[in-house]
Engineer: 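Right, I'll just put the structure down here and ask away after.
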Amino acid sequence: MGLKLYNSLTRRKEEFKPLKEGRVGIYVCGPTVYGHPHLGHAKSYVSFDVLVRYLCYLGYSVTYVQNITDVGHLTDDADEGEDKLIVAARKERKHPMALAEYYTRSYFEDMDRLNCVRPDISPRASGHIVEQIELVKTLLEKGYAYEVNGSVYFDVSKFDDYGKLSRRNVDEMLAGARVEVSPEKRKPVDFALWKKAEPNHIMQWPSPWGAGFPGWHLECSVMSMKYLGKTIDIHGGGLENQFPHHECEIAQSEAANGVQFVRFWIHHNMTTIDGQKMGKSLDNFITLKQAFSGAHERLTRSYDPLAVRQLILNSHYRSPLDFSDAALFAAQSGYQKITETVKAVRKRMPAAGKGQTDKEVVEQLKKMREKFETAMNDDLNTSVALSVLFELVRLTQKLLEDSNTTMGTLNLADVLFDRLGGDVLGIVKDEYPQTGETDEEMLDEVLDKFNIFVEIRSLARENKDFELSDAIRGYLSTSAVMIEDRPDGSFLEDLDGFLKRYKDLKKRGRKEDAEKYKNIIINKFAKWYGK
RNA sequence: GGCGGCGUAGCCAAGAGGCCUAAGGCGACGGUUUGCAAAACCGUUAUUCGCCGGUUCGAAUCCGGCCGCCGCCUCCA
């Protein structure tokens, strides 16, 4: 059985077959870069990242295109709003392109941390103005568009299929239109292809209709066509963009090319925070940087980027996902369980016996892989796929308990972690840094201060002074630091996460907060040490 | 008002007519291990799937009604 995907166009799960044998072209609506990416972006791009990863796992050669919207996205769809970037740029007193560049970098940085594989092509809308003008010309020539006073609109009445994706009836929409309609439009549903720019508009380009800028929907049609061809296998995006954005893309592309635009439309569902819709107006969105550093009032701690990723994969991409501190916390625990198991098996492998591989284990692992693939083939059921990874965790722990387990057997488990947990789900890393390993002197200094206590405690334990050793551990735990006693010594197990917070703050340029944090740590210990 | 979705254990979340006397994770509790913890391991934690009817030999899964929640139709990933 091959991969089945839910196609929004037909509202059914369909067997996925690419247009060209063995090759897949996928286009995903990327971010408008006017702010730091938030948890909603994470759900979106992790979902499509897993799709791309799984297609690769199945052996397809994938071309993944994801645009960067750095111009032309108006603040409302009545075509009367301002460009989002210009609004944001004015607020920050920067050139819109400087702002776009800054947030584009921020976006890639956060996506890297979420272990999203970078798209093969990340085209910028501003870099494709020429092509966009060409498409508008084509639409005018073919009679699908009309020019009014320096702006060009798409004439929806000329395109019979308008509404086929969102199943909207154009006439009903006319009756229920709540948006203030631009008087230039012939019909309220018509949408802008090119907008005339006022002289003081910062981002504008010359065109046959005068100076202006492209309509928002145009870029996706143009860039997908340029890099993937007139008909693409998969187009992904958020459910909220199904209408009007994707509907308009279809109209533009199919009117211009006369062929089907997209074969599979894949839409992921939305994100809420504590059960509430996440929105600018509600001022409740959590950026990824805040989630990774814990610097948000709704969060009780910092979360590992891959724990955030795991939470996203815990539910289906077409289900809505509610981010709450409790849910993140649970994901963090589960993520650590997987991570610790992978680390343990890798640590153990070189020392394990050379004997034969356990046939029964081989059989179990094979079944797990089958279950995993069956789940993923069923419209990317990552929830079940993740459960298979936990089955693998349980099996591996059992193997580790048995001192007779051979290197070969452990290796097979590790391979499965790599392929399923790493290649496909992206929550298992190739390598994990040693606890406490840092690249900053300051961190080493702080680390040393903690380790003094570990040493003192070790001495106390040697003397069987458990009252003192417990007091030290108890004290450290109030500073969010845990001492863990293992057969091979005592370690500051949670220090890693604790220091990450300091590191994050520093990295993000929040020097004051980082400094405050650092001083609290050091002062606490100086005080204790002075007693 | 129009269109669509959801309601499964304390929490998150799969399952979409019989393999379900319902995966997996988190949490909680009991046990093994440990000076005590932590981690790990073992076990327990929904006779029941919002409520009420119906279809069926059989329903969490299909149909109808009701209640509750949410999304889109206006910018959002």
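A note on names: the letters A, B, ... follow the listed sequences, proteins ahead of strands, and every chain is numbered from 1.
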Engineer: Suppose you measure atom C1' in B:U8 against the same atom in B:C3; what distance do you get, rounded to whole Å?
Structural biologist: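 Approximately 27 Å lies between the C1' atom of B:U8 and that of B:C3.
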Engineer: Can you measure A:D378 atom CG to B:G24 atom P for me and round it to whole angstrom units?
Structural biologist: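 Nearest whole value for this atom pair: 18 Å.
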Engineer: Could you tell me how far B:G18 sits from B:C12 if I compare only their P atoms? Round to whole Å.
Structural biologist: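 After rounding to an integer number of Å, I get 27 Å for this pair.
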Engineer: Can you tell me if A:K337 touches the phosphate of B:A40, counting only side-chain N or O atoms and a distance under 4.0 Å to OP1 or OP2?
Structural biologist: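 Answer is no, no contact under 4.0 Å.
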Engineer: In whole angstroms, how far is the C1' atom of B:C3 from the CZ atom of A:F243?
Structural biologist: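 Distance check: A:F243 CZ to B:C3 C1' gives 11 Å.
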Engineer: On RNA chain B, nearest-nucleotide positions of A:E391 versus A:D322: which is more 5'?
Structural biologist: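 Its nearest nucleotide being more 5', the pick is A:D322.
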Engineer: Does any donor-acceptor pair link the side chain of A:D470 with the base of B:G35 at a separation under 3.5 Å?
Structural biologist: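 Looking at the base of B:G35, it does pair with a donor or acceptor on the side chain of A:D470 (distance under 3.5 Å).
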Engineer: For atom P, what is the distance between B:U61 and B:A22, given to the nearest Å?
Structural biologist: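 So the two P atoms sit 16 Å from each other.
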Engineer: On RNA chain B, compare the nucleotides closest to A:R167 and A:A326; which residue's is nearer the 5' end?
Structural biologist: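 Result of the comparison: A:R167.
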Engineer: Are the side chain of A:T382 and the backbone of A:A385 linked by a donor-acceptor contact shorter than 3.5 Å?
Structural biologist: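 No; judged by distance alone, with no hydrogens or angles, the pair does not exist.
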Engineer: Is any side-chain nitrogen or oxygen of A:S333 closer than 4.0 Å to OP1 or OP2 of B:G27?
Structural biologist: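 Result: yes.
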Engineer: Which of the following nucleotides, B:C42, B:G35, B:A77, is nearest to the side chain of A:S469?
Structural biologist: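 Closest nucleotide among those given: B:G35.
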Engineer: Please give the distance between the P atoms of B:A60 and B:G1 as a whole number of Å.
Structural biologist: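 It works out to 33 Å between them.
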Engineer: Could you walk me through whether A:R105 and A:E109 pass salt bridge (charged side-chain N to carboxylate O under 4.0 Å, His left out), step by step?
Structural biologist: CA-CA 6 Å; A:R105 288 175 197 174; A:E109 190 180 295; over 6 Å; no
Engineer: Can you identify which nucleotide, out of B:A77, B:A40, B:G35, has its nearest atom closest to the A:F466 side chain?
Structural biologist: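 Closest of the options to the side chain of A:F466: B:G35.
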Engineer: Of the listed nucleotides (B:C41, B:G4, B:G71), which one gets closest to any side-chain atom of A:K277?
Structural biologist: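 Given the options B:C41, B:G4, B:G71, the side chain of A:K277 is closest to B:G71.
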Engineer: Would you say the side-chain atoms of A:N67 and A:E219 include a donor-acceptor pair closer than 3.5 Å?
Structural biologist: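 Short answer, yes.
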Engineer: Partner of B:G17 by Watson-Crick or G-U wobble geometry, both contacts under 3.5 Å, or none?
Structural biologist: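 Matched B:G17 with nothing under the 3.5 Å cut-off.
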Engineer: For B:U55, give the paired nucleotide (Watson-Crick: N1-N3 plus N6-O4 or O6-N4; G-U: N1-O2 and O6-N3; both under 3.5 Å), or none.
Structural biologist: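 Check on B:U55: unpaired, no WC or wobble geometry under 3.5 Å.
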Engineer: Do the side chain of A:N381 and the main chain of A:D378 share a donor and acceptor less than 3.5 angstrom apart?
Structural biologist: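 Not at all, since once roles are kept as given, no pair shorter than 3.5 Å links the two residues.
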Engineer: Assign A:S315 to base, sugar-phosphate, or nothing according to its heavy-atom contacts below 4.0 angstrom with the strands shown.
Structural biologist: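 Answer is sugar-phosphate: A:S315 comes under 4.0 Å of backbone atoms only.
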Engineer: Counting only Watson-Crick or G-U wobble pairs whose two distances fall under 3.5 Å, which nucleotide matches B:U61?
Structural biologist: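 When the pairing criteria are applied, nothing turns out to pair with B:U61, so the answer is none.
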Engineer: Whole Å only: how far is the CG atom of A:L400 from the C1' atom of B:U33?
Structural biologist: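 About 16 Å, once rounded to whole Å.
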Engineer: Is B:G7 paired to anything, Watson-Crick or G-U wobble with both distances less than 3.5 Å, and if yes, which nucleotide?
Structural biologist: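 B:C67 is the nucleotide pairing with B:G7.
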Engineer: Contact class for A:S319 (heavy atom, under 4.0 Å): base, sugar-phosphate, or nothing?
Structural biologist: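 Result for A:S319 = sugar-phosphate.
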Engineer: Provide the distance between the two C1' atoms, one in B:C69 and one in B:G50, to the nearest whole Å.
Structural biologist: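 Those two atoms are separated by 11 Å.
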Engineer: Any idea which of B:A77, B:G25, B:A23 is nearest the A:Y45 side chain?
Structural biologist: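 Out of B:A77, B:G25, B:A23, the nucleotide with an atom closest to A:Y45's side chain is B:A77.
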Engineer: Using whole Å, report how far NZ of A:K164 lies from P of B:G4.
Structural biologist: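 Answer to the nearest Å: 19 Å.
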Engineer: Between B:G4, B:A77, B:G24, which nucleotide gets closest to the side-chain atoms of A:H41?
Structural biologist: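 Selected nucleotide: B:A77.
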Engineer: Please give, in whole Å, the distance from B:G5 P to A:M270 CE?
Structural biologist: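 After rounding, the reported distance stands at 17 Å.
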Engineer: Return the nucleotide paired to B:A39: Watson-Crick means purine N1 to pyrimidine N3 with N6-O4 or O6-N4, wobble means G-U with N1-O2 and O6-N3, both under 3.5 Å.
Structural biologist: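 Here B:A39 is not engaged in any pair, so there is no nucleotide opposite it.
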Engineer: With sugar-phosphate meaning primed atoms plus P, OP1 and OP2, does A:H316 contact a base, only sugar-phosphate, or nothing at under 4.0 Å between heavy atoms?
Structural biologist: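 Sugar-phosphate, backbone atoms only, no base.
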Engineer: What is the distance, to the nearest angstrom, from the CG atom on A:D274 to the C1' atom on B:C11?
Structural biologist: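 The answer, rounded to whole Å, is 13 Å.
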Engineer: If you look at every strand shown and take non-hydrogen atoms under 4.0 Å, does A:S44 touch a base, only sugar-phosphate, or nothing?
Structural biologist: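 Sugar-phosphate, backbone atoms only, no base.
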Engineer: Taking any heavy-atom pair under 4.0 Å as a contact, classify A:T271: base, sugar-phosphate, or nothing.
Structural biologist: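 Base contact.
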Engineer: Could you give the distance separating B:C19 and B:A38 at their P atoms, to the nearest angstrom?
Structural biologist: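 About 39 Å, rounded to a whole number of Å.
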Engineer: NA contact type, A:F390, heavy-atom cut-off 4.0 Å: base, sugar-phosphate, or nothing?
Structural biologist: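 Answer is sugar-phosphate: A:F390 comes under 4.0 Å of backbone atoms only.
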Engineer: Does a salt bridge link A:D325 with A:R298, judged by any charged N lying under 4.0 Å from a carboxylate O?
Structural biologist: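 Not counted as a salt bridge, because no side-chain N and carboxylate O are separated by less than 4.0 Å.
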Engineer: On the nucleotide B:C12, are OP1 or OP2 found under 4.0 Å from the side-chain N or O atoms that A:S324 carries?
Structural biologist: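 Negative; the distance criterion is not met.
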Engineer: Under a 4.0 Å threshold between the charged nitrogen and the carboxylate oxygen, would A:R113 count as salt-bridged to A:D304?
Structural biologist: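 A:R113 and A:D304: not salt-bridged.
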Engineer: Can you say whether a donor on the side chain of A:R461 sits under 3.5 Å from an acceptor on the base of B:G35, or the other way round?
Structural biologist: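 Looking at the base of B:G35, it does pair with a donor or acceptor on the side chain of A:R461 (distance under 3.5 Å).
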Engineer: Of all residues at least two apart in sequence or in a different chain, which pass the side chain to side chain contact (heavy atoms under 4.5 Å, CB included) check with A:T341?
Structural biologist: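 In terms of side chain to side chain contact (heavy atoms under 4.5 Å, CB included), with neighbours along the sequence ignored, A:T341 is linked to A:V393, A:T396, A:Q397, A:F417.
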Engineer: Give the nucleotide from the list B:G2, B:A13, B:A77 with an atom nearest to the side chain of A:N314.
Structural biologist: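 So the nucleotide nearest the side chain must be B:A13.
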Engineer: So does A:R12 have more than 12 non-hydrogen atoms from other groups sitting under 6.0 Å from CZ?
Structural biologist: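 Not buried by this count: 12 neighbours or fewer within 6.0 Å.
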Engineer: Measuring only the C1' atom in each nucleotide, how far is B:A14 from B:G4? A whole number of Å is fine.
Structural biologist: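 One C1' to the other, the span is 22 Å.
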Engineer: Round to the nearest Å and state the distance from A:Q336 atom CD to B:A38 atom C1'.
Structural biologist: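 It works out to 12 Å between those atoms.
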Engineer: Between A:R419 and A:D423, does any NZ, NE, NH1 or NH2 come within less than 4.0 Å of an OD or OE carboxylate oxygen?
Structural biologist: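 Salt bridge: yes.
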Engineer: In the structure shown, which nucleotide is the Watson-Crick or G-U wobble counterpart of B:U47, with both distances under 3.5 Å?
Structural biologist: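 None - no nucleotide pairs with B:U47, as no candidate has both distances under 3.5 Å.
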Engineer: Would you mind classifying the nucleic acid contact of A:N381 as base, sugar-phosphate or nothing, using non-hydrogen atoms under 4.0 angstrom?
Structural biologist: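 Since only primed, P, OP1 and OP2 atoms lie under 4.0 Å of A:N381, the category is sugar-phosphate.
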Engineer: What is the distance from CG of A:N269 to P of B:C69, rounded to the nearest Å?
Structural biologist: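 Whole-Å distance recorded here is 19 Å.
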Engineer: Between B:G4, B:A77, B:G24, which nucleotide gets closest to the side-chain atoms of A:R394?
Structural biologist: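 The nucleotide sitting nearest to the side chain is B:G24.
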Engineer: Would you call A:E247-A:K164 a salt bridge at under 4.0 Å N-O?
Structural biologist: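 No salt bridge links A:E247 with A:K164.
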Engineer: Any idea which of B:A77, B:C12, B:G25 is nearest the A:N241 side chain?
Structural biologist: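 Selected nucleotide: B:A77.
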Engineer: With heavy atoms under 4.0 Å as the rule, sort A:G40 into base, sugar-phosphate or nothing.
Structural biologist: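 Since a base atom lies under 4.0 Å of A:G40, the category is base.
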Engineer: Of all the choices, B:G4, B:A77, B:C73, which nucleotide is nearest to the side chain of A:Y34 once you look at every atom?
Structural biologist: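 Nearest to the side-chain atoms of A:Y34, counting from C-beta on, is B:A77.
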Engineer: State which of B:C73, B:A40, B:A77 makes the closest approach to the side chain of A:E240.
Structural biologist: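 Out of B:C73, B:A40, B:A77, the nucleotide with an atom closest to A:E240's side chain is B:A77.
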Engineer: Which part of the nucleic acid does A:K464 contact within heavy-atom distance under 4.0 Å: base, sugar-phosphate only, or nothing?
Structural biologist: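 A:K464: no heavy atom of the nucleic acid under 4.0 Å.
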Engineer: For B:G27 and B:C66, measure between their C1' atoms and round to the nearest Å.
Structural biologist: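 Result for the C1' pair: 34 Å, nearest Å.
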